[in-house]
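Quick caveat, the model's predicted, so the values are computed rather than measured.
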Amino acid sequence: MNLDFQREQKRLNGVMDVITDRILQLESETSKLRNEVVNTRKHFWDEVKVNTDTFDDYLETIISLRQEAQALSVGESTHGHAARRLASLRRMQSAPYFGRIDFLEEGYSEQEQIYIGISSLMDSSGEDFLIYDWRAPISSVYYDYEPGPAQYMTPGGKINGSLEKKWQYVIRDGKLQSMFDTSLTIGDDVLQQVLGKGADKYMQSIVATIQKEQNRIIRHDQGRLLIVHGAAGSGKTSAALQRIAFLLYKYRDYIKADQIILFSPNALFNSYVSHVLPELGEENMQQVTFQEYLDHRLSKDFHVENPYDQLEYVLTATKTSSYDTRVKGIQFKASGKFFDAIKLYRETLETSGMLFKDVKFRGKIIISAQQLSQTFYSEGISLDFHSRLEKLKKWLMSKLKEVEKIESLQPWVEDEIELLSNEAYHKIHKYLAKKNGFEREEQGNYEMDRKALARVIVRLKLKPLRKQIQALQFIDIQGIYEQIFAKPLLMQQLLKGEVPEKWEDICQSTLQMLEVGKLYYEDATPFLLLQELILGFETNRSIKHILIDEAQDYSPFQFEFLKRLFPSAKMTVLGDFNQAIFAHASEVVDFRVLNHLYGEKETEVINMTRSYRSTKPIIEYTRSLIANGEQIIPFERAGELPVVTQVNTHTELHNYIMSKVSELQSEGYGSIAIICKSEKESKAAFEALHKIDGIKLIKYGSAEYEKGVVVIPSYLAKGIEFEAVIIYDASEHIYGDESLRRVFYTACTRAMHELQLYSVGKPSPFIQKALRERLLHSNS
């Protein structure tokens, strides 16, 4: 054992001792703090003297309550901070650090050794750093530079110097396994070890193997919009999650985890990435799918189609008569052009076209939709649109007062009075006595007027209607949206004739859905936009950052909507247009369509071309499937060629797959995906392969990613990786249409170590190039 290794192990032992001592100290502290918090909660009211006899007594009670609540809050916060630090130290027990740089700062004669780990650690004196957090400014040198001139940014300015040496460590359970003196960004030896492992149930932190281009993403801090366009397996999602951890570290006094939202593709993906931030000692940000947001806003009034049902239709209904109409409708309604048309349409409502609902009370129309329309278009026309709606609302409320007077004389009110409980009667008596100036002790002398009682009864019955009017629910948003399609010429006028082919058929199909209370997925965001433009935007200014993964699946329309929904947020967008599998994606081939969102000065694009997920043979095969695939650079990791096996029948196919799964399991693969084109095909495959021990069917709504053998549709596999992938049927019959190339590419790029393709009959034309270039071994 060489001297350097012994010295490093000795230092590691010292660091482990500090961590152990700190853990023991914090365990005692957290136990004490927890007991204090529990005790404060238990005896909270013992410390508060509640007295409201006089104003001074009331004020003293409020102050006492506030002091106790503040003491409890401070105690909970202190305990929470200590508990998080304890959890962080426990994580560090296995591997306290993973790297070291020897940095000589300009103007100094002695270099400093900087050890880098997932969290910082001071020595026992509290004066010197034993370990620097990977997010600290100086740690960027480790990721960005080879030995030689180097610099890093601090809040006080740029620090120049020289990186003398860079070391990597492999530490397991507090023992130094190996160390590398490397001049590479991150040594391939360590990266090879990490990439050679099996897939886990959860995505893992990559702080020990962050590459230079990933570090640019993590520490990027200019402008409103960062666009990351990365090849499959380039680590863009991992880098983005470490970016969130970096932002929470750098801006810890200004931004909290609940002010960050990750828009993810599905619940399965949420589960898969849920451990990354906690592993780094940070709380998870909010995670939501765009569909969940749409359901939150619209599900009271509509059944909203989800994006995967839309995609299932696109993948399986190609032979239906309505297919072409639906696809053209999807593409148009997802476009920036339709977004502009909705805004123009809202402007036309200032002069005509607003629709209202009859206002009813006890089943009778008290103000008709026609009256509302006449009032809106005849009064206050010099005001802006929203001021006119406010004026109309006030007019409606004044009409309710008239209704209140009339209804209080009706026979039904007498019936209601007779049915009043004693408790309700006394409540109304107390309310009216107080309203008429009677003090508490005199209220028993108040004689309640029958007319006043009747007015209160009517007012209470009208309360729900008042709430509806305050919320502008007398506006017929659905009817206003339907008008776009009920009058096909309207859109032609707004867009000067630039409507899609089959526009009248698209209109008819949309109306049929709306009439039965359903919204196509492509209609949900436009409907919501129109509603917001009429009623006023429900913006969320508390959110400081939104992160959108699989962003190629979002339409230009949806991006415009999200920008308006979160006006105070910066945005990080991640995607790969080679995996753009939704019908609307044909409109765009890259993210340039987003440059206008915040303007080019506020936008930066980072392209990631190196792929790490798969072995070199798998990447060389998958890049042959797409245009400009040669731009994808494989990481040098050896492996077997992908294999395509042609069979004649589905029975033969299932026998081959069951045999291959058994073989892969015997070789130690713990994560095997049988990927089908659609959910329909997945269900059929699962039924046929159910004899495989422990096999699971993953479908839309599955909440957790599971290891083992899974059957999964192509679109749900996005963003997830598997040790071995079997393409269920890569035949021309299933993947013959050019529109499915990206779906096929997405499925194949899920494989880390092994890729097997089966074809019932002639294989897909997509793989012909790979066969010619011998990037794919054929068993047929």
Considering all heavy atoms, the nearest Ser373-Met354 contact: OG-O, 4.2 Å
Can you give each donor-acceptor pair under 3.5 Å made by side-chain atoms of residues 486-503, sequence neighbours left out, with the distance rounded to 0.1 Å?
unit_1, atom_1, unit_2, atom_2, d
Glu498, OE1, Lys337, NZ, 3.4
Trp503, NE1, Pro488, O, 3.1

Using only atom types and a distance under 3.5 Å, with no angle test, would you say the side chain of Gln531 pairs donor to acceptor with the backbone of Ile477? no
Any donor-acceptor N or O pair under 3.5 Å, side chains Gln508, Glu504: no
Without swapping roles, check the side chain of Glu305 against the backbone of Lys518 for a donor-acceptor pair under 3.5 Å. no
Tell me, please, whether Tyr598 has Lys563 positioned over its six-membered ring: NZ or CZ under 6.0 Å from the ring centre and within 45 degrees of its axis? yes
Without swapping roles, check the side chain of Glu402 against the backbone of Lys399 for a donor-acceptor pair under 3.5 Å. no
Please step through side chain to side chain contact (heavy atoms under 4.5 Å, CB included) for the pair Ile366 and Leu400, ending with a clear verdict. CA-CA 9 Å; Ile366 54 175; Leu400 281 197; 3.8 Å; yes
Can you find a heavy atom in the side chain of Ile469 that is under 4.5 Å from one in the side chain of Gln473? no
Show, in sequence, the C-alpha distance, side-chain angles and deciding distance for Asp384 and Arg388, and conclude whether the salt bridge (Lys or Arg N to Asp or Glu O under 4.0 Å) test is met. CA-CA 6 Å; Asp384 67 65; Arg388 285 164 69 189; over 6 Å; no
Any sub-3.5 Å donor-acceptor pair from Gln259's side-chain atoms to Lys256's backbone N or O? yes
Provide the closest heavy-atom pair for Lys357 versus Leu372 in the form atom of the first, atom of the second, distance. O-CD1, 3.5 Å
Between Leu315 and Val743, which heavy-atom pair has the shortest distance, and what is it? CD2-CG2, 4.2 Å
Distance-only side-chain donor-acceptor flag, Tyr345 / Gln483, under 3.5 Å: yes
Give every residue pair that meets the salt bridge (Lys or Arg N to Asp or Glu O under 4.0 Å) criterion with at least one member in residues 527-547, sequence neighbours excluded. Arg297-Glu532, Arg297-Glu538
Is the distance between the ring centroids of Phe561 and Phe537 under 6.0 Å? yes
Tell me, do Ile506 and Ser509 make a side-chain contact under 4.5 Å, heavy atoms counted? no
Are any non-hydrogen side-chain atoms of Leu262 and Val288 less than 4.5 angstrom apart? no
Verdict with reasoning, Asp553 to Lys718, per salt bridge (Lys or Arg N to Asp or Glu O under 4.0 Å): CA-CA 11 Å; Asp553 295 340; Lys718 284 175 41 158; 2.5 Å; yes
Say whether, by atom type as modelled, one donor and one acceptor occur between the side chain of Thr316 and the main chain of Glu312 under 3.5 angstrom. yes
Does the side chain of Asn306 pick up a donor-acceptor pair with the side chain of Gln310 at under 3.5 Å? no
Shortest non-hydrogen contact from Pro713 to Ile698? CD-O, 3.2 Å
Any chance the rings of Tyr293 and Phe263 have centres within less than 6.0 Å? no
Check: Ser322/Tyr313 side-chain N/O donor and acceptor closer than 3.5 Å: yes
Ring pair (Phe, Tyr, Trp, His ring centres under 6.0 Å): which pairs involve residues 365-396, sequence neighbours left out? Phe356-Phe376, Phe376-Phe385
With sequence neighbours excluded, give me every side chain to side chain donor-acceptor pair (under 3.5 Å) pair touching residues 457-467. Glu404-Arg459, Glu404-Arg466
Just verifying a value: how many Å separate Leu392 CG and Leu383 CG, rounded to the nearest 0.5 Å? 12.0 Å
Find out whether Gln286 and Ile543 are in side-chain contact, i.e. whether some heavy atom of one side chain is under 4.5 Å from a heavy atom of the other. yes
Evaluate side chain to side chain contact (heavy atoms under 4.5 Å, CB included) for Ile261 paired with Phe566, printing each intermediate quantity in order. CA-CA 10 Å; Ile261 294 181; Phe566 302 107; 3.9 Å; yes
Give the C-alpha distance, both sets of side-chain angles, the deciding distance and a yes or no for side chain to side chain contact (heavy atoms under 4.5 Å, CB included) between His596 and Glu560. CA-CA 10 Å; His596 73 280; Glu560 291 279 6; 2.7 Å; yes
Could you list all the salt bridge (Lys or Arg N to Asp or Glu O under 4.0 Å) pairs where at least one residue sits in residues 364-374, not counting sequence neighbours? Lys364-Glu407
Side chain to side chain contact (heavy atoms under 4.5 Å, CB included), that's the test. Do Leu511 and Glu482 meet it? Break it down for me. CA-CA 7 Å; Leu511 286 171; Glu482 283 178 356; 4.0 Å; yes
Does either side chain, that of Gln552 or that of Glu550, offer a donor lying less than 3.5 Å from an acceptor on the other one? yes
Establish, from distance only, whether the side-chain atoms of Asp309 and Tyr700 form a donor-acceptor pair under 3.5 Å. no
What is the minimum heavy-atom distance between Leu294 and Ala524, and which atoms define it? CD1-CB, 3.8 Å
So with a 6.0 Å cut-off around NZ of Lys391, is the heavy-atom count from everything else above 12? no
Would you say Gln291 and Val304 make side-chain contact, with heavy atoms under 4.5 Å? yes
Quick check: are there more than 12 heavy atoms from other residues, nucleotides or ligands sitting under 6.0 Å from CG of Leu419? yes
Do other residues, nucleotides or ligands put more than 12 heavy atoms under 6.0 Å from the NZ atom of Lys451? no
Please determine if Lys333 forms a cation-pi arrangement with Phe485, meaning its NZ or CZ atom is less than 6.0 Å from the six-membered ring centre and no more than 45° off the ring axis. yes
Side-chain donor or acceptor of Asp358 paired with backbone N/O of Lys360 under 3.5 Å: no
Please step through salt bridge (Lys or Arg N to Asp or Glu O under 4.0 Å) for the pair Glu679 and Lys683, ending with a clear verdict. CA-CA 6 Å; Glu679 186 170 305; Lys683 286 176 179 174; 3.4 Å; yes
Can you tell me how far apart OH (Tyr481) and CZ (Phe527) are? Round to the nearest 0.5 Å. 8.5 Å
Sidechain-backbone polar pair: Ser714 side chain, Lys677 backbone, donor-acceptor under 3.5 Å: yes
Main-chain N/O of Gln371 paired with Thr375 side-chain donor or acceptor, under 3.5 Å: yes
Does any N or O in the side chain of Gln558 come within less than 3.5 Å of the main-chain N or O of Ser555, such that one atom is a donor and the other an acceptor? yes
May I ask you to test the Ile712-Ser682 pair for a side-chain heavy-atom distance under 4.5 Å? no
Contact summary for Met513 and Leu519, nearest pair of heavy atoms: CE-C, 4.3 Å
Would you check if Phe474 and Leu396 make a side-chain contact, meaning some heavy-atom pair closer than 4.5 Å? yes
Qualifying residues under salt bridge (charged side-chain N to carboxylate O under 4.0 Å, His left out), relative to Asp549, sequence neighbours excluded: none
Within the structure provided, determine whether Arg564 and Thr539 are in side-chain contact (heavy-atom separation under 4.5 Å). no
Any donor and acceptor pair, going by atom type alone, linking the side chain of Ser299 with main-chain N or O of His296 inside 3.5 Å? no
Using the ring-ring contact (aromatic ring centres under 6.0 Å, His included) definition, which of the options Phe339, Phe332, Phe290 pairs with Phe557? Phe339
